[in-house]
Colleague: 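Next up is a structure, given as structure tokens.
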Amino acid sequence: MEPLLLLAFVVALYMAWNIGANDVANAFGTPVGSGAITFRMALVLAAVFEFSGAFFAGGNVTDTIRGNIVYPELFAADPKVFAIGMLAALLGASIWLNLATYLSQPVSTTHAIIGAVIGFGVVAMGPAAIQWHKMGAIASSWIISPLVGAFFSFLIYHILLRHVLHHTRPIARAQIAVPLGLGAMTCVMFYSILQAYYPRALHIPKSQGCWLALGTAVVMANLIGVAVWAIMKRRCNPDKPLGEHSADVERFFSRVQVLDACYLSFAHGANDVANAVGPVVGILQGLRGTVATQAVIPAWVLALGGFGIVLGLATYGYKVLEAVGHKITEVTPTRGFAAEFSTATTVLVCSLLGLPVSTTFVLVGAIMGVGFARGFGAIDLRVVRRIFVSWVVTLPASALLAIVIFKILSIWYL
Amino acid sequence: MKSLATLFGESPFEHIVEHARKIHECVNLVRPITEALLAGDMKRLEELQNLMSDTEFEGDKIKDAIRQNLSRRFMLPVSREDILTFVRQLDRMGDDAEDYAVVATFRKIELPPDLRQDFTGLVDKIIQTSEALLNLAEEMARLQKDAFEGSEAERVLEKIQDVCHLEWESDKISRSLARRYYSLPGIDPLTVMILDKLCRTLTGIADHAENVGKSLRLMIMRH
């Protein structure tokens, strides 16, 4: 069975590589484009935060991909089938990704892997093997998450316009808005990390760990918020002539946007690492014959996924970032903040709920939200439609590929 | 993802300003044409008419480019219809300016000295209106970057009122001018006809400028 495991690692690494290569520009395209940070710095930050997200907060979604799409218990009698199936899913999804990238179609790793897992489940054990009610929840999260992202970013941008940028004292208002935004980011990020960390490290029940995590996160958020507020209080002058305010506020937000991009990278790592390593956990369980038990996700598997993502952005992601950064100059810091903040928050909340969503989808939704607030000159709806269509096509396509590969692998190994 | 960069289409607002600039260039030609007309320099009028039709043609090209970028493919911050109205009315300003240039070449006229001041006054007012409109269009493009909100938007709305006022003033001048050339004893009837046509094209420019301003107002106010 060793070659199977080796193959699984290689394919998982490839999946993670894909995630890193294609999606890093999502988060860091705008700060690099607006010149808020250097290209090199963006790569370093992206690597650190993608990895942290994957390693510290990637567990919930990983568990979903492993155990909440098909019923792993059904495979208790023959765990090898589960391992082969998960490997087939991983292979099918990555082949589809490769094909789609070759045809330069936008494609989501999330949808690819889930379609593939469903595909193998249906063929291996029949439609009853799929946890349809949970799939229903996941599918609705795919529809709802971009809508929430859009609504949220519309709201944030609208509030920024009304109550900060076009207020009579924009700098004074920004002194409140910036710490609030940073505090909110800190809160969600710390909570995501700690809710997984506390129960494990302190050996306390999960619910208790969550409350403790929430408490710590709120304290941290307040600390950060107050610190930023104090710094801004000292450094900026709200009594400048009104004409200079707008540029100042944009400059504050261009700094915030760098942190915003880190936040989005973190969220992305947390949600998307599962697409690569979720099946690996399943394969490990299948090979050890422990499919029916609650999986403890080995930290090194998440680390492997995180490493793959970093590898992807180091070897190819930088090219995409370079290409995107120059093109999206229309995204001013406040607009970028609104879109990225709401995307990251939506995605992180989904990660906490164990819902695998597509970061790109949510981001497109959030950009359109800013568009609804009249923030952009022109948004090309054809591109939006193309992303949507490729989503619809991805599910059956990767399912089909997984089925074919499952059949082939079955001949050899079962 | 690379497709994210393609999500942002070409904004029509830059082209709108470009169009307004070109049309203002046309309207600006009215002044040298008037000077040549008063001097009776038919050769110069001919040249200026050629220049005018070239400039107007360039304006048409920009207009077509804007229209092509207005497909339903794009989600815009203003209504598509308002942009179309804006472009159409701007185009008609250009047409009227071109008509003025053409009518001026029809016949060498001798403008009675009493009418000269009022006539050049009307021309000045028209150019002033067009200038105010160009400023508006430029502010509009800046306003788009602010999502059409805030005190800036209020100020642009007030300036639209100024364009309407200039139109009203030019109407007033042209009416009093008409009363005078129709009642001036001993004036050549053919001169009156030419004068009347010239004044109509001039007030036409102001009329359309007012409509452009109104379409701008709709863009700012409604989504």
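Throughout, protein chains are lettered first and strands after them, A, B, ... in sequence-line order, and every chain is numbered starting at 1. Computed from heavy atoms alone, side chains included, the values below leave out hydrogens, waters and symmetry copies.
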Colleague: Tell me, for A:R385 versus chain B, whether the close heavy atoms (under 4.5 Å) come from the side chain, the backbone, both or neither.
Modeller: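 For A:R385, neither part sits under 4.5 Å from chain B.
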
Colleague: Has B:F57 got more than 12 heavy atoms of other residues, nucleotides or ligands less than 6.0 Å from its CZ?
Modeller: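 Counting neighbours around CZ of B:F57, 12 or fewer heavy atoms of other residues, nucleotides or ligands fall under 6.0 Å, so no.
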
Colleague: Which bit of A:L165 comes within less than 4.5 Å of chain B, counting heavy atoms only: side chain, backbone, both or neither?
Modeller: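 It is neither, since no heavy atom gets under 4.5 Å.
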
Colleague: Do you know which of A:V384, A:I367, A:T168 has the most heavy-atom pairs under 4.5 Å to chain B?
Modeller: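 Most heavy-atom pairs within the cutoff with chain B belong to A:I367.
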
Colleague: Are the side chains of B:F8 and A:V331 in contact, using a 4.5 Å heavy-atom criterion?
Modeller: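 Yes, their side chains come closer than 4.5 Å.
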
Colleague: Would you say that A:L381 contacts B:F74 through its side chain, given a criterion of any heavy-atom pair below 4.5 Å between the two side chains?
Modeller: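 No, their side chains stay 4.5 Å or more apart.
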
Colleague: Under the 3.5 angstrom rule, does the side chain of B:R73 hit a backbone N or O of A:V383 as a donor-acceptor pair?
Modeller: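 Such a contact is absent between B:R73 side chain and A:V383 backbone.
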
Colleague: Ignoring hydrogens, what is the shortest heavy-atom contact between A:G377 and B:P77? Give both atom names and the distance.
Modeller: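 Shortest heavy-atom separation between A:G377 and B:P77 comes out as O-CD, 3.0 Å.
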
Colleague: CE of B:M75 to CZ of A:F376: how many Å apart, nearest 0.5 Å?
Modeller: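 CZ of A:F376 is found 9.0 Å from CE of B:M75.
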
Colleague: Would you say B:R200 has more than 12 foreign heavy atoms packed within less than 6.0 Å of its CZ?
Modeller: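 Atom CZ in B:R200 is not crowded, with 12 or fewer foreign heavy atoms closer than 6.0 Å.
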
Colleague: For a 4.5 angstrom cut-off between non-hydrogen side-chain atoms, does A:R374 reach B:L76?
Modeller: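 The answer is no; the side chains never approach within 4.5 Å.
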
